[in-house]
Amino acid sequence: MKLLAVGTVAFDAIETPFGKTDKILGGAATYIGLAASALEAEVGLVSVIGGDFPQGYLDMLTSKNINIDGVEIIKEGKTFFWSGKYHNDLNSRDTLVTELNVLENFNPKIPASFADADVLMLGNLHPAVQLAVLERMSQRPKMVILDTMNFWMDLTWDLLMEVIAKTDVITINDEEARQLSGEYSLVKAAQKIHTLGPKFVIIKKGEHGALLFHEGKIFAIPALPLEEVFDPTGAGDTFAGGLAAYITKTGDFSFDNLKNALIVGSAMASFTVEKFGTVRLEDVTKEELKGRINQFRELTTFELTM
């Protein structure tokens with residue numbers, strides 16, 4: 001089974017209480033692809049970059065068996081760039097610079113080898129781009145997973161509703177869930193979002209874990225306590241990539257398997273935050289991933305006698 005991930009391949013410049021970087025590799029599709037690669041899923045990326053994008057980064061992606069046939073290079077253009085500064089709690093940040101560059105006129109091109117992908121991960125992009133990808137698939141994927149944000153809710157509500165109606169899984173944070181639904185209670189918010197189309201609603205709560213909703217059933221997981229957190233950039237994309245890759249590898253689209261996928265995605269994201277950018281994610285081993293999953297098991301398993 002194949003996973004197609006659509007999103008940004010970009011440059012980031014990040015400042016946290018623990019240091020700062022110049023331009024480094026970033027972008028939603030990059031994190032999704034690396035997470036999928038660590039799980040040995042067959043993954044292809046659809047994105048756009050400028051002529052300023054280093055060949056070394058592309059070589060690194062292909063060395064991880066990530067298919068980049070769908071990454072268009074506009075030689076005369078510049079790659080999308082984002083810069084941000086995180087506050088001391090690492091839960092909030094200020095965007096310092098956003099340069100859309102080649103992303104401004106992004107016209108996604110689906111490689112023929114992935115037009116029949118079984119799982120489609122729509123990274124956080126303009127809903128018009130997400131709709132274009134859905135229309136250009138040779139057949140409807142077995143599962144469509146959507147990531148979006150409040151920016152698109154503010155500016156492109158009607159288009160976003162079209163995309164949401166065509167998806168099976170939506171993954172958003174608690175603030176976005178409340179805005180999308182108009183409900184404060186996350187249980188009520190998920191119920192409302194179900195009526196918009198998605199069968200599965202995943203609400204991310206940062207350092208407080210994540211919630212999965214499906215047909216009146218709820219599954220909750222904690223976040224993994226870590227000794228060191230350097231940079232939360234890309235953690236949400238890594239989470240989505242790990243989740244999508246696990247579903248792709250197992251070919252199981254049930255609620256019970258999505259519970260497993262939630263754990264795998266969270267475990268993958270726990271690596272991302274340990275170093276700046278994609279550095280830690282590039283080196284994750286199978287044994288390390290198994291270790292993190294075992295830590296989740298120990299956190300959530302208990303025997304109680306009353």
Side-chain angles (χ1 to χ4, degrees), residues 3-16 21-38 43-64 66-74 77-84 86 93 95-111 114 120-127 129-130 133 145-149 151-152 171 231-245 265 268-269 271-273 275-282 284:
L3 166 64
L4 182 64
V6 185
T8 53
V9 174
F11 293 131
D12 290 339
I14 303 157
E15 182 175 352
T16 78
T21 72
D22 293 322
K23 283 186 178 181
I24 58 174
L25 178 62
T30 306
Y31 285 101
I32 293 166
L34 287 169
S37 170
V43 59
L45 306 186
V46 171
S47 191
V48 61
I49 55 176
D52 57 343
F53 196 80
Q55 182 63 41
Y57 285 157
L58 295 174
D59 292 342
M60 183 276 292
L61 294 173
T62 55
S63 75
K64 304 287 186 185
I66 298 170
N67 186 299
I68 60 170
D69 291 347
V71 178
E72 182 183 5
I73 303 174
I74 300 177
K78 294 178 69 176
T79 302
F80 174 72
F81 171 61
W82 175 85
S83 176
Y86 286 87
R93 69 188 184 193
T95 293
L96 305 178
V97 179
T98 301
E99 296 175 0
L100 291 176
N101 298 327
V102 293
L103 192 65
E104 189 168 5
N105 298 304
F106 180 33
N107 183 23
K109 294 176 174 57
I110 314 299
F114 278 86
L120 174 61
M121 177 69 231
L122 294 171
N124 182 17
L125 288 168
H126 195 295
V129 174
Q130 295 171 328
V133 172
I145 305 170
L146 172 69
D147 186 18
T148 190
M149 66 185 298
F151 180 79
W152 306 119
T171 170
D231 174 21
T233 310
D237 299 313
T238 305
F239 169 83
L243 177 136
M268 290 301 309
F271 292 109
T272 299
V273 302
K275 291 186 178 179
F276 283 104
T278 63
V279 173
R280 182 67 178 94
L281 193 56
E282 293 173 33
V284 175

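Count residues from 1 along the sequence.
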Review point. Hey, does the side chain of Ser83 reach the backbone of Ala13 with a donor-acceptor pair shorter than 3.5 angstrom?
Key: yes
Check your understanding: Nearest 0.5 Å, what's the CD1-CG distance between Ile73 and Asp52?
Key -> 10.5 Å
Revision key, fill the gap. Heavy-atom closest pair (Ala269 atom, Ala235 atom, distance to 0.1 Å) is CB-O, 3.5 Å
Review point. Are Val9 and Phe80 side-chain neighbours, meaning at least one heavy-atom pair lies under 4.5 Å?
Key: no
**Study point:** Approximate separation, where rounding is to 0.5 Å, of Glu99 CD and Phe11 CZ
**Key:** 11.0 Å
Review point. Asn124 versus Trp152: any side-chain heavy-atom pair under 4.5 Å?
Key: yes
Exercise for review: Check whether any side-chain N or O of Ser47 sits under 3.5 Å from a backbone N or O of Gly7 as a donor-acceptor pair, and report yes or no.
Suggested key: yes
Name the atoms and distances for all side-chain donor-acceptor pairs under 3.5 Å in residues 55-62, with sequence neighbours left out.
residue: Gln55; atom: NE2; partner: Asp59; partner atom: OD1; Å: 2.9
residue: Thr62; atom: OG1; partner: Leu58; partner atom: O; Å: 3.2
residue: Thr62; atom: OG1; partner: Asp59; partner atom: O; Å: 2.9

Point to revise | Side chains of Asp147 and Thr171, donor plus acceptor under 3.5 Å | key: no
Exercise for review: Report yes or no: does Thr21 contribute a side-chain atom to a donor-acceptor pair with the main-chain N or O of Ile14 at less than 3.5 Å?
Suggested key: yes
Review point. Do Phe276 and Thr16 come close enough that some side-chain heavy atom pair is under 4.5 Å?
Key: yes
N/O donor-acceptor pairs under 3.5 Å from side chains in residues 22-34, not counting sequence neighbours:
residue: Thr30; atom: OG1; partner: Gly26; partner atom: O; Å: 2.8

Practice item. With the side chain counted from C-beta on, respond yes when Leu281 and Met268 share a heavy-atom pair under 4.5 Å apart, and no when they do not. Key: yes
**Study point:** Separation of Glu15 CD from Arg93 CZ (nearest 0.5 Å)
**Key:** 14.0 Å
Revision key, fill the gap. Rounded to the nearest 0.5 Å, the NZ atom of Lys78 sits from the CG atom of Leu100 at a distance of 12.5 Å
Review point. Ignoring hydrogens and geometry, is there a side-chain-to-backbone donor-acceptor pair from Ser37 to Lys64 under 3.5 Å?
Key: yes
Exercise for review: Might you point out which heavy atoms bring Leu3 and Ala36 nearest each other, and give the distance in Å?
Suggested key: CD2-CB, 3.9 Å
Point to revise | Side chain to side chain, Asp231 and Tyr86, heavy atoms closer than 4.5 Å | key: yes
Revision key, fill the gap. Per side-chain contact (heavy atoms from CB on, under 4.5 Å), Thr79 is matched among Ile49, Val48, Asn101 by Ile49
Point to revise | Positive for side-chain contact (heavy atoms from CB on, under 4.5 Å) with Met121, one of Ile145, Leu45, Val46 | key: Ile145
